[in-house]
Protein chains: 2
Amino acid sequence: MPGRVKRPTIKDVAREAGVSMMTVSRVLTKKGRASQDTIDKVLRTIEELGYVPDLNAGALSSRNSGFIAVLVPSVDNSNFAQSVRGITDVLNDNGLQILLGSTDFSVEREETVLETILKRRPDGVILTGGNHTARSRRMLENAGIAVVETWDLPADPIDHVVGFSNVAVSHAMVDHLHERGYRRIGFIGSSSDSDTRGADRERGYSEALKKHGLEHHRVIRLGAPPVPVEQGGEAIVEMLRRWPETDAAMFVSDRTAFGALMECHRCSWPVPDRVAIAGFGNFDMARNCHPRITTTAIDCYEMGRFAAERIVDARARAAAGERVKPEITMIPYRILGRQTT
Amino acid sequence: MPGRVKRPTIKDVAREAGVSMMTVSRVLTKKGRASQDTIDKVLRTIEELGYVPDLNAGALSSRNSGFIAVLVPSVDNSNFAQSVRGITDVLNDNGLQILLGSTDFSVEREETVLETILKRRPDGVILTGGNHTARSRRMLENAGIAVVETWDLPADPIDHVVGFSNVAVSHAMVDHLHERGYRRIGFIGSSSDSDTRGADRERGYSEALKKHGLEHHRVIRLGAPPVPVEQGGEAIVEMLRRWPETDAAMFVSDRTAFGALMECHRCSWPVPDRVAIAGFGNFDMARNCHPRITTTAIDCYEMGRFAAERIVDARARAAAGERVKPEITMIPYRILGRQTT
DNA sequence: CTGTTAGCGCATTCAA
DNA sequence: TTGAATGCGCTAACAG
């Protein structure tokens with residue numbers, strides 16, 4: 001590690017270039033105009049000195065940190081990772097930087113992470129899900145910045161929403177299974193007070209069964225997310241043991257659906273003839289395995305982009321002194337009927 | 001979005017609590033001591049006012065941003081995501097925050113991302129891979145902060161290294177295949193100037209073949225990473241068409257190995273009897289599919305932890321005025337011989 | 001088009 | 001154990 005040296009500041013650049021600090025600042029931020037001559041001179045000096053602007057100092061002065069906080073349950077999940085990609089792409093185009101936090105699928109953890117991240121004075125916050133602690137909500141309200149809740153359709157939104165109904169998603173999947181002739185449908189989900197998205201999908205399953213006049217509910221709840229793939233295998237075995245008549249199993253996630261499908265291979269249970277399998281999320285493994293798993297696809301990348309655009313927009317309006325009204329953006333989903341149903 | 005209100009500062013807290021700003025600052029940073037009475041009074045006031053410290057301002061003053069920059073090729077990759085988890089866990093315990101950047105497997109993109117992120121004055125940088133542009137190296141050197149290169153064993157390290165040899169990894173896999181009796185081994189990799197890790201694995205394959213006296217190399221290079229899972233399937237078809245005698249195929253990643261295995265199912269080619277398959281990374285899909293894929297396992301989470309610990313340590317030593325010598329930490333790997341070989 | 005002044009919110013450094 | 005003065009690096013607001 002090289003010795004910690006004194007790094008050049010905007011003052012050094014100004015002195016060397018023979019202009020004032022403000023002129024350098026203007027050249028850098030492109031705000032206000034400067035003559036081409038001055039611009040060239042300043043840029044050359046910056047290059048010579050190897051000057052690197054300090055955005056934190058700039059933020060302190062301008063009262064815009066340029067950070068957008070993004071909280072996801074887990075980075076190690078292709079769906080959320082894609083949303084993060086979408087967010088990043090939009091933010092980069094707008095000179096903003098992402099401040100990523102991981103909540104481990106827990107609202108308590110979310111509160112802790114949020115508390116830490118708010119100390120960086122983000123200009124906006126993008127959350128996953130619509131379920132938060134009371135203190136989290138209070139902190140967000142006090143922060144006075146744009147908030148976007150994603151991946152859900154909260155009954156009482158904090159501010160903006162870019163999401164979809166997890167209840168409706170399950171509804172649609174039951175409809176799909178029903179249409180393909182399945183009548184003895186089971187659901188394999190997760191169990192956690194925090195995982196309201198999983199709970200919503202289970203609720204959608206139950207409601208849809210009733211709608212179709214199917215009264216016998218077969219539900220197995222695995223642990224808190226992220227549920228290991230292995231448990232999908234154990235779950236399908238358990239389900240067919242408890243309810244041998246089951247002709248279709250829908251899973252809260254492609255990951256466990258995949259685990260179940262592979263276990264069926266090992267047990268030589270033909271899929272979908274012995275039992276149909278459906279997942280959620282359109283993960284790589286579900287799309288490419290054999291047979292390919294029927295699933296629900298959400299455009300996670302686009303959802304991320306929309307969420308980021310909402311923040312960018314709100315930020316611009318707030319800067320212009322406009323009052324910003326909360327908006328709700330619905331993200332479409334589609335059932336991909338494939339070979340396992 | 002609530003109106004942007006004036007947020008309380010340390011000054012407000014000081015006034016309300018009837019103490020000086022410094023006393024509040026001391027209570028907050030736990031540096032220097034204060035009487036229990038004062039501490040209580042200050043904490044109560046902070047609570048009442050809903051004061052949130054501004055870490056950016058603190059950073060400007062103390063010349064320690066508390067940020068550690070972390071650059072990964074992609075967040076949407078379980079291996080890198082786990083490394084990020086490891087890093088985050090260690091940093092959190094040390095009051096540091098992660099500043100994540102995605103390089104899309106490109107050293108040019110890395111340079112751009114690095115340039116942006118250095119403007120936040122991180123106290124350290126964790127990179128993925130040992131291949132960087134000359135400008136990137138220069139920026140890092142000028143920054144005068146601790147740097148850790150991971151996931152590789154660079155010949156000419158910038159500073160610290162926490163990684164493993166991608167050449168050796170492939171060597172070990174060839175040894176494994178050879179031991180299981182395979183002699184007509186092919187390699188399916190990626191192709192990109194930037195992906196030196198992939199290139200190293202291919203080199204390891206070639207060297208190891210020679211070592212075993214196997215002169216016939218069968219190599220297929222797919223596109224730049226991230227290579228879609230699908231292409232693994234196309235690649236195995238192509239390999240068996242060009243070199244029908246191939247009895248084992250090793251892949252640069254579990255993702256493509258998985259795609260190949262599933263394609264073999266579709267073509268009714270028994271694995272490993274028609275062709276053996278081996279991957280890299282011990283991904284979920286490889287561990288749980290049927291048959292389970294032989295692979296190389298790296299403890300990515302631990303690699304992340306080690307890298308972060310190296311940074312934390314270097315930071316502490318630098319603060320104590322010590323001179324820090326670059327260290328190289330080797331991460332072990334193991335071949336998991338499973339059902340596809 | 002350019003410069004001056006006055007902070008942004010906090011911690012370092014000294015003194016009490 | 002506590003406080004006052006000072007400045008971190010930058011930009012908003014105004015003046016010229």
Side-chain angles (χ1 to χ4, degrees), chain A residues 4-42 45-46 49-67 95 118-123 143 319-321, chain B residues 4-42 46 49-67 95 118-123 143 319 321:
Chain A
R4 203 170 276 245
V5 277
K6 174 97 179 83
R7 319 217 49 211
T9 74
I10 203 171
K11 200 173 192 172
D12 300 317
V13 177
R15 187 173 14 77
E16 288 298 311
V19 297
S20 73
M21 285 167 56
M22 263 325 287
T23 301
V24 179
S25 175
R26 285 196 187 97
V27 170
L28 249 15
T29 59
K30 297 178 172 57
K31 275 175 195 162
R33 300 200 41 76
S35 75
Q36 194 55 48
D37 241 33
T38 329
I39 293 179
D40 291 344
K41 196 169 46 184
V42 168
T45 316
I46 286 176
L49 264 51
Y51 167 69
V52 178
D54 184 332
L55 288 189
N56 293 328
L60 182 61
S61 182
S62 72
R63 293 125 158 303
N64 279 127
S65 70
F67 283 130
L118 284 179
K119 295 182 181 163
R120 294 299 182 168
R121 296 283 187 272
D123 297 335
Chain B
R4 204 170 276 245
V5 277
K6 176 98 178 79
R7 317 218 53 211
T9 74
I10 204 171
K11 201 174 192 171
D12 300 317
V13 177
R15 189 173 11 77
E16 288 299 310
V19 297
S20 73
M21 284 166 58
M22 261 327 289
T23 302
V24 178
S25 175
R26 286 199 187 94
V27 170
L28 249 16
T29 59
K30 296 178 175 56
K31 275 175 197 162
R33 301 199 42 76
S35 75
Q36 194 56 47
D37 240 33
T38 329
I39 294 179
D40 291 345
K41 197 168 48 184
V42 167
I46 286 176
L49 264 52
Y51 167 69
V52 177
D54 184 330
L55 288 189
N56 292 329
L60 182 60
S61 186
S62 72
R63 294 124 159 305
N64 279 127
S65 70
F67 283 129
L118 284 179
K119 295 183 182 163
R120 294 299 182 169
R121 295 284 186 271
D123 297 333

What is the per-nucleotide protein-contact pattern of nucleotides 8-14 of chain D, from the 5' end, where B denotes a base atom under 4.0 Å from a protein heavy atom, S denotes such proximity for sugar-phosphate atoms only, and - denotes neither? BBBBBBB

Tell me whether the OP1 or OP2 atom of C:dG3 has a side-chain N or O from A:Thr23 closer than 4.0 Å. yes

When rounded to the nearest 0.5 angstrom, what distance separates CG in B:Asn56 from CZ in A:Arg121? 8.5 Å

Test of understanding: with side chain to side chain contact (heavy atoms under 4.5 Å, CB included), list the residues that count as partners of B:Leu55, not counting sequence neighbours. A:Lys119, A:Arg120, B:Gln97

Return the value, rounded to whole Å, for the distance between atom NZ of A:Lys119 and atom C1' of C:dC8. 20 Å

Round to the nearest Å and state the distance from B:Ile46 atom CD1 to C:dC10 atom P. 10 Å

Residues at least two apart in sequence or cross-chain that pass side chain to side chain contact (heavy atoms under 4.5 Å, CB included) with A:Thr9, listed by chain then number, are A:Lys6, A:Lys11, A:Asp12

What one should report as the nearest heavy-atom pair of A:Ala143 and A:Leu118 is CB-CD2, 4.3 Å

By side-chain hydrogen bond (donor to acceptor under 3.5 Å, both in side chains), which residues pair with B:Asp54, not counting sequence neighbours? none

According to a strict under-4.0 Å criterion, is A:Ser35 in side-chain N/O contact with OP1 or OP2 of C:dT2? yes

End-to-end axis angle, where each axis spans five pairs of the helix from C:dC1-D:dG16 to C:dA16-D:dT1, to 10°: 30°

Would you please name every residue forming a side chain to side chain contact (heavy atoms under 4.5 Å, CB included) with B:Ser20, sequence neighbours left out? B:Met22, B:Thr23

Got a sec, which residues hit side chain to side chain contact (heavy atoms under 4.5 Å, CB included) with A:Ser61, two or more places apart in sequence or on another chain? none

Non-neighbouring partners of B:Ser35 that pass side-chain hydrogen bond (donor to acceptor under 3.5 Å, both in side chains), sequence neighbours left out: B:Thr38

